[in-house]
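Computed from a predicted model, the values in this text were never measured in an experiment. First the proteins, then the strands, lettered A, B, ... as listed; each starts at 1.
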2 protein chains.
Amino acid sequence: MSPRTQAARTEATTGQLLTAARELFGRDGYTATSIDAVAAAAGLTKGAAYHHFTTKGALFRAVFVGEQDRVAAELTRTTAEQTDPFAALRRGCRTFLELCLDPAFRQIALLDGPAVLGWQEVRSIQSERALRLLADGMLVAAAAAGEPDADVSARSHLAFGALCEAGMLLARADDPDTALLAVLTEAERLVDALARP
Amino acid sequence: MSPRTQAARTEATTGQLLTAARELFGRDGYTATSIDAVAAAAGLTKGAAYHHFTTKGALFRAVFVGEQDRVAAELTRTTAEQTDPFAALRRGCRTFLELCLDPAFRQIALLDGPAVLGWQEVRSIQSERALRLLADGMLVAAAAAGEPDADVSARSHLAFGALCEAGMLLARADDPDTALLAVLTEAERLVDALARP
DNA sequence: ACCTTTGCATACTCCGAGTATGTCCTGTCA
DNA sequence: TGACAGGACATACTCGGAGTATGCAAAGGT
């Protein structure tokens, strides 16, 4: 069971650490989660965690980046088949909100992320992922609407902020599906309105 | 100098604690600020702080509520003279973004607030303040646009999220004024588009 | 077969949140 | 006006968790 090579060992342990960390950070939040608890949940000790991650914040950052990667992957996957740029934007909204149905995702990506990593850091991580996809989509939409070189930078940021808030609105809902529908229509309206100049 | 009556004493000390806390929380962030540091900055000791606030989170909550009160007061003040509902909404955007020019405000209200207090708590505090004002404004605007009983609840939340993100966009700006203008036009566009059905 | 490097554990230090306790001041009632 | 009850604040703790130092065993090169 235990891997022979060093590279395989590190990959296995970091993987277990990240899985456990995502679990605990997502359930209890960043500050309420100790490194000891994460290591124990991964069947390891604190020493292993600090061997692979310089600090607690670094471990969280890795988890956060993992979530952002998932978001970007899901977005590219679900919007790939959309031909109409506005339909693609709406589909992206739906995909993002569906991810936000997971409380752990909300806790990590929307609540703790900015506070722990700082705004600049979070932005720079997202700028290469979901935010880039959103900006690209809005650029295409603006071009289709007759304004080829619109400045979509600020615009996509505002839309992203609105979507994050929309995602948090799903938290208190008794029935996720109906709540998703209600919020989704408003979100689509907003993005639609923003995308056309 | 030292006040005679007990009520005056508590008010003076809590006031000093709140002032110092707003200063340090706003500059260094919540986790990087210790109760000792706040008490020392207020010319007191930890004991005084814990006498008036049950926990560090409670102290932060008081600071946070104070900021939200300021926001609501500024909003009502600046939008009072606006007769056109859409103009009032635009004026509200400007007021909020001007408040966001203060890094301490951004740190407390936008970054640490949700992570420390939790989303539900932050929302319930804002629901009686800025969020209520925004929803009211959007309701009036919707009525003026011919849809008297629109459901502005989700809509105002999304707009609020967009405005918060807009406020954070002001952080990295070299020249605050021009950045404010650039973001403001986009924000006004968004709120305008959202407010009309 | 050595020797170095790397993965991980154990055993610390240190700082900060929260608690216990003591002291002084204030307001009240005799 | 003088004792006493309660509130304001300080000092002296405890305790948990982040980060560090050190030790040891498994890998991998020579």
key: Polar contact flag, side-chain donor to acceptor under 3.5 angstrom, B/T95-B/R91   = yes
message = Run A/R196 and A/D192 through salt bridge (Lys or Arg N to Asp or Glu O under 4.0 Å) and show every step you take.
response = CA-CA 7 Å; A/R196 345 188 158 258; A/D192 231 57; 3.2 Å; yes
query = Under 4.0 Å between a side-chain N or O of A/T13 and OP1 or OP2 of C/dC8?
reply = yes
ask   = Can you tell me how far C1' of C/dG7 sits from CZ of A/R9, to the nearest Å?
value = 5 Å
ask   = Salt bridge between A/D102 and A/R22, side-chain N to carboxylate O under 4.0 Å?
value = yes
task = Output the single nucleotide from D/dA26, D/dG28, D/dG19 whose closest atom is nearest the side chain of A/T5.
result = D/dG28
query = Are OP1 or OP2 of D/dG7 and a side-chain N or O of B/T10 less than 4.0 angstrom apart?
reply = no
query = Taking only side-chain nitrogens and oxygens of B/H51, does any of them come within less than 4.0 Å of OP1 or OP2 of D/dA10?
reply = no
message = Distance check needed: D/dG17 P versus A/K56 NZ, whole Å only.
response = 9 Å
Value in whole Å for how far the C1' atom of D/dG19 lies from CZ of A/F60 = 19 Å
task = Give a yes/no verdict on a cation-pi contact between B/K56 and B/Y30, requiring under 6.0 Å between NZ or CZ and the six-membered ring centre and an angle within 45° of the axis.
result = yes
message = Would you say B/T185 and B/R189 are linked by a side-chain donor-acceptor pair, where the criterion is simply a distance under 3.5 Å?
response = no
task = Starting at atom CD of B/Q16, determine the distance to atom C1' of D/dC9, rounded to an integer number of angstrom.
result = 13 Å
request  = Before accepting this row, confirm whether a basic side-chain N of the pair B/E98/B/R94 lies closer than 4.0 Å to the acidic partner's carboxylate O.
outcome  = yes
request  = Measure the distance from OH on B/Y50 to P on C/dG18 and round it to the nearest whole Å.
outcome  = 4 Å
task = For A/H52 and D/dG19, give me the distance from atom NE2 to atom P, rounded to whole Å.
result = 17 Å
query = Which ones in residues 17-46 of chain A lie close to DNA chain C, meaning a heavy atom under 4.0 Å from one of its atoms?
reply = A/L44, A/T45
